[in-house]
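Below is a structure I'd like to ask you about.
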Amino acid sequence: MVENNFQKILSVVQSVPEGKVATYGQIARIAGIPRNARQVGYALHGVSEGTDIPWHRIINTKGQISFPVDSSGYAIQRALLEAEGIRFSLQGRISIKKYQWKR
DNA sequence: CTCGTGACGGTAT
DNA sequence: TATACCGCCACGA
């Protein structure tokens, strides 16, 4: 059984329930690559379009979207999260403590 | 093989 | 609490 980290990551991301969020490091840890959170972002970058992967539920450990606030990606991700009931603070942050998927 | 890059994380200041 | 720096590691040139 040849599971690439790529597939493993997508599998974990796909298991994140609606209304919840997870950090890159969290996904990486669960996927078996705790020291490679960057790979998670890279993997999602390759499937951000045309898939069922809930990539928008993945944010960084700061509780913020890892995109420039003036980018289209930021607007899209934020809109998708708010559509699931996730509230953003005035600083563009969310309460990971509250929406956190797993630990 | 080496070098530079990055949707990151943790610690120091 | 916010910012700066360093460490990790897969990928592509």
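The analysis underlying the following values was restricted to heavy atoms, covering all of them including side chains, and did not include hydrogens, waters or symmetry mates.
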Q. Can you check whether A:Thr61 has a side-chain N or O nearer than 4.0 Å to OP1 or OP2 of B:dC8?
A. no
Q: Report which part of the nucleic acid A:Arg29 touches: base, sugar-phosphate, or nothing (heavy-atom distance under 4.0 Å, all strands).
A: nothing
(Q) Donor-acceptor pair, distance only, cut-off 3.5 Å: does the side chain of A:Gln26 make one with the backbone of A:Lys102? (A) yes
Q.
Closest approach to the side chain of A:Asn60, judged atom by atom: which nucleotide of B:dA7, B:dC8, C:dC8 is it?
A. B:dC8
Q. For A:Tyr42, which contact category applies under a 4.0 Å heavy-atom criterion: base, sugar-phosphate, or nothing?
A. sugar-phosphate
Q. Within less than 4.0 Å of OP1 or OP2 of B:dC8, is there a side-chain N or O belonging to A:Thr23?
A. no
Q: Would you indicate which nucleotide in C:dA10, B:dC8, C:dC9 comes nearest to any side-chain atom of A:Arg35?
A: C:dC9
Q. Whole Å only: how far is the CD1 atom of A:Ile33 from the P atom of B:dC8?
A. 14 Å
Q. Picking from B:dG9, C:dA2, C:dA10, which would you name as closest to the side chain of A:Arg93?
A. C:dA2
Q | A:His56 side chain near A:Ile76 side chain, heavy-atom distance below 4.5 Å | A | no
(Q) Under 4.5 Å between side-chain heavy atoms, counting indirect links through other Ile/Leu/Val/Met/Phe/Trp/Tyr residues: same cluster for A:Tyr42 and A:Trp55 or not? (A) no
(Q) Rounded to the nearest 0.5 Å, what separates atom CD1 in A:Ile65 from atom CD1 in A:Ile94? (A) 8.0 Å
Q: Answer yes or no: side-chain N or O of A:Arg38 and base N or O of B:dC8 forming a donor-acceptor pair under 3.5 Å.
A: yes
Q.
Rounding to an integer number of Å, can you tell me how far A:Asn36 CG sits from B:dG6 C1'?
A. 11 Å
Q. B:dA7 C1' sits how many Å from A:Ile53 CD1, rounded?
A. 15 Å
Q) Considering heavy-atom distances to DNA chain C, does A:Phe6 or A:Lys62 have its closest nucleotide positioned more toward the 5' end? A) A:Lys62
